[in-house]
Number of protein chains: 2
Amino acid sequence: MRAEDVWGERWTSCANPLAHRYMETAARKGSLVCLAADMRSVAELVDLVEEVGPHIAALKTHVDMVDDFSLEAWSGLVDAAQRHDLLLFEDRKFADIGKVSQHQMAGVHDVRSWADIVTAHRISGPDIVDGIAAGWADVERIGGVLLLAQMSSSGNLLDADYTAETIATGRGSPHVIGYIGNGSSATEVAALRQQVGAGQMIWTPGVNLAVGAGAMGQRYGHPRDAVLAGSDAIIVGSGIHGVENRAEAAAQYAEASFAALVERGG
Amino acid sequence: MRAEDVWGERWTSCANPLAHRYMETAARKGSLVCLAADMRSVAELVDLVEEVGPHIAALKTHVDMVDDFSLEAWSGLVDAAQRHDLLLFEDRKFADIGKVSQHQMAGVHDVRSWADIVTAHRISGPDIVDGIAAGWADVERIGGVLLLAQMSSSGNLLDADYTAETIATGRGSPHVIGYIGNGSSATEVAALRQQVGAGQMIWTPGVNLAVGAGAMGQRYGHPRDAVLAGSDAIIVGSGIHGVENRAEAAAQYAEASFAALVERGG
């Protein structure tokens, strides 16, 4: 399907080129799946991408927990992601002031040189967004920031006021493509969508096709419910990489999420 | 001076061995200075430590912005810090859930293997503290966490409720040695000390001997005022590494901070 048809108002309301790139990728592949790959070796990450790449739209990494990282090895993962038409999303959760964050985009991980999307907390101040954008600008790239507006973790401090401040910062920024929402609660996702409006994306972890399957206090919501409530990308980890047939699981998440988008009608 | 004499109630009230180690170091060197070294090359960091090492008690790094980092090169910095009797403090501002933070203590930077102290935000949940401690435990080391209770950055979201929740988390944890407070405001430091009590430390950035010298909207407080208000370590960056004679500046900060501690009487 054409991106503008399947995404409807979200396509016309989102001005950000990175957001459009994601929506095109998702439409082309029939998947709203962002795979959360918390692997600690590059080879495991590459294996996973080769296996499930056709069924996902983005790959979420924690490069800072990869024990055998080198820029050379990592370029193998970047190549695999490009071959599979995936956006690369480093879930760094930047949380310092803008100037520091700009430089943290460099260093040996050089996130600015390969990540299309990163996460940031609003906690330290609104200038973090410009700091991250300056990091990308330093290597003549652009990328998109997802601000954490909600979390599902127990005892988190992102209350209603915090969420509102986060959206106020994100709405005014050309660098913010959207927000992380709490996919374990369709009610919370719907409330967030109400506040955000149509012009920015919401990406949601905390979803699983086997609702209630959470271990260690983790709650899950169903991907369909999250998408119908306003989520534009479902972030799935163990639901895909923790099962026997990872490609089959990824295909199931792709189908469920994309069907829900079509049902939502953009 | 003996640590127990100069630190008084703080010494007897703090049970954490890392906190004691810092207090002993500070007493031995006559300095409450933690040098904020935001350098982007290892050689620059080593040069700085060799120059000002005798006058400081701890070194605060951002290893993730060091462009030529390797564990081999970094071990040169660790050696220099040990020769100069310094605690190593990685200002990582961890801000993910506990399990992720545990693994982020590893990776190529392997913060767990060399850092004595790290910072963390309370935003994602209280389990971040145990996650970080588990990271140290994985390599059979112990370290101390400083939770961000206040910031001086413009537009930060650490309001009174957030600070209270942070202290509630930190008070119950054997891994939390103290809090980051806002050194630019003696009033805020005093309020934080009131809430924290005598049993944990407060470390404060935002201080400068030339009060009012802040560039780009940065406000500064005087080191003496911060320490008298309850700060146990002053975090100084450009006030030391941004001047002509860095050793002389470090010595001045050491003298001012330690004299204030003696004046405070523990």
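It should be emphasised that the depicted structure is a prediction, and the values quoted were computed from it without experimental measurement. In what follows, every chain begins at residue 1, and chains take the letters A, B, ... in the order their sequences are listed.
Contacts with chain B (heavy atom to heavy atom, under 4.5 Å) involve these residues of residues 155-166 of chain A, listed by number: A:G155, A:N156, A:L157, A:L158, A:Y162, A:E165. The stretch residues 107-129 of chain A places A:G107, A:V108, A:H109, A:R112, A:H121, A:R122, A:I123, A:S124, A:G125, A:P126 near chain B, each with some heavy atom under 4.5 Å from a heavy atom of that chain. Proximity to chain B at a heavy-atom threshold of 4.5 Å picks out nothing from residues 169-179 of chain A. For residues 65-79 of chain B, heavy-atom neighbours of chain A at less than 4.5 Å comprise B:M65, B:V66, B:D67, B:F69, sorted by residue number.
Between the OG atom of B:S154 and the CD1 atom of A:I97 there is a distance of 11.0 Å, given to the nearest 0.5 Å. One finds the OG atom of A:S101 at 8.5 Å from the NZ atom of B:K93 (value rounded to the nearest 0.5 Å). The structure places CG of B:D38 at 9.0 Å from CD of A:Q104, a figure rounded to the nearest 0.5 Å. In this structure, CZ in B:R92 is found 10.0 Å from CG in A:D96, a value given to the nearest 0.5 Å.
The two residues A:A106 and B:R40 come nearest to each other via the heavy atoms CB-NH2, 3.2 Å.
Side-chain contact check for B:V100 versus A:H62: some heavy-atom pair is nearer than 4.5 Å.
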